[in-house]
Amino acid sequence: MRCAASLALVLTAGLSGLTACSPAHPAAEDVHVTNRSARHAQHAAAPLPRSLPTGLRIPSAGVDASSMLRLGLGPDRGLEVPPADKGQEPGWWTGSVTPGQRGAAVIVAHYDTANGPALLRDVALVRVGDEIAVPRADGRTATFTVQEIQQVAKDRFPTRKVYGPTSTPQLRLITCGGPIVDGHRADNIILYAALTS
């Protein structure tokens, strides 16, 4: 299903916090993950300077993307997502810090689209403790370790937890999941990760 989520914020900008996937014909099996979190937080690495992300690698999910789209806000003040014809490309929200900087960097990728399974089609294989690597324009790679996995109904989207300020470099990777209800994927799957190298 095309995950054209209106991933949004209830922060200083005063935007609404709602996520929804656009209707489409089913393109992949329903995906469900078990909510898990690390018992002990990983030691956080020192923040990196600002540098734009250029790709995304998640070995446990078979993800090896060599590009990164730039996502802004749409007319409805919702977060843009990659278009359906770019379902194999992740997108970084330009309103967040760059991956590796202090704060929460936000990346969005499709689970599936009207064209079929997409970049995060194997998101259910990701486990707490797995690595997510984000190559950067400065030649460095920000490596994050997954600390929490959450599947949540869109009407309970944890806006402040996802978009709120953090004292250490963090990554939030968001995709769609769950069953199709009224033509939409009902849930979001969120990977929370901390910079560890």
Side-chain angles (χ1 to χ4, degrees), residues 2-22 47-58 61 63 65-111 113 118-120 123 126 132-138 140-144 146-152 154 156-177 185 187-195:
R2 192 163 80 90
C3 179
S6 175
L7 304 165
L9 327 167
V10 180
L11 298 172
T12 55
L15 305 174
S16 63
L18 174 68
T19 63
C21 285
S22 294
L48 300 175
R50 179 177 174 81
S51 182
L52 297 178
T54 60
L56 179 68
R57 295 194 301 267
I58 312 173
V63 171
S66 59
S67 61
M68 182 73 69
L69 301 169
R70 307 289 181 255
L71 304 176
L73 297 177
D76 63 351
R77 306 289 292 164
L79 180 59
E80 295 175 332
V81 297
D85 63 352
K86 295 187 181 293
Q88 302 301 326
E89 292 185 67
W92 164 69
W93 178 45
T94 59
S96 68
V97 300
T98 63
Q101 283 188 287
R102 188 184 314 276
V106 178
I107 293 178
V108 180
H110 289 294
Y111 167 69
T113 73
L119 185 67
L120 285 180
V123 66
V126 178
I132 299 174
V134 184
R136 299 163 21 117
D138 63 3
R140 301 173 77 170
T141 296
T143 302
F144 299 84
V146 177
Q147 294 189 320
E148 183 177 354
I149 300 169
Q150 181 180 27
Q151 183 162 341
V152 61
K154 288 186 165 56
R156 295 186 208 165
F157 188 82
T159 303
R160 290 192 179 278
K161 182 177 178 181
V162 170
Y163 298 103
T166 68
S167 61
T168 58
Q170 302 280 322
L171 177 68
R172 311 295 189 237
L173 180 57
I174 307 169
T175 192
C176 286
R185 290 264 178 219
D187 300 341
N188 280 124
I189 295 172
I190 308 159
L191 306 181
Y192 300 85
L195 184 72

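Remember, predicted model here, so these are calculated numbers, not experimental data.
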| note | Value for CD1 (I190) from CG (L171), rounded to nearest 0.5 Å, stands at 12.0 Å

| task | To the nearest 0.5 Å, tell me how far I107 CD1 sits from L191 CG. | result | 10.5 Å

| request: Would you check if the side chain of R102 reaches a backbone N or O of S167 as a donor-acceptor pair within less than 3.5 Å? | output: yes

| message | Please check: side-chain N/O of H110 versus main-chain N/O of A84, any donor-acceptor pairing under 3.5 Å? | response | no

| note | Those residues at least two apart in sequence (or on a different chain) that pass side chain to side chain contact (heavy atoms under 4.5 Å, CB included) with T168 are A44, Q170

| field | Parallel, tilted or perpendicular: rings of W93 and Y163 (30°, 60°) | value | perpendicular

| task | Kindly say whether A109 contributes a backbone atom to a donor-acceptor pair with the side chain of T175 at under 3.5 angstrom? | result | yes

| query | Is a side-chain donor or acceptor of T98 paired with a backbone partner of S51 at a separation under 3.5 angstrom? | reply | yes

| Do side-chain atoms of R70 reach the backbone of M68 as a donor and acceptor pair under 3.5 angstrom? | yes

| Polar side-chain atom of T143 near backbone of A133 as donor-acceptor pair, under 3.5 Å | no

| request: Salt-bridge test for R172 and E148: reply yes if a basic N is under 4.0 Å from a carboxylate O, no otherwise. | output: no

| said: Please check this pair: side chain of N188 against backbone of V152, looking for a donor-acceptor N/O pair closer than 3.5 Å. | reply: no

| Is a donor on one side and an acceptor on the other found under 3.5 Å between the side chain of T94 and the backbone of L71? | yes

| field | K154 side chain vs C176 backbone, donor-acceptor pair below 3.5 Å | value | no

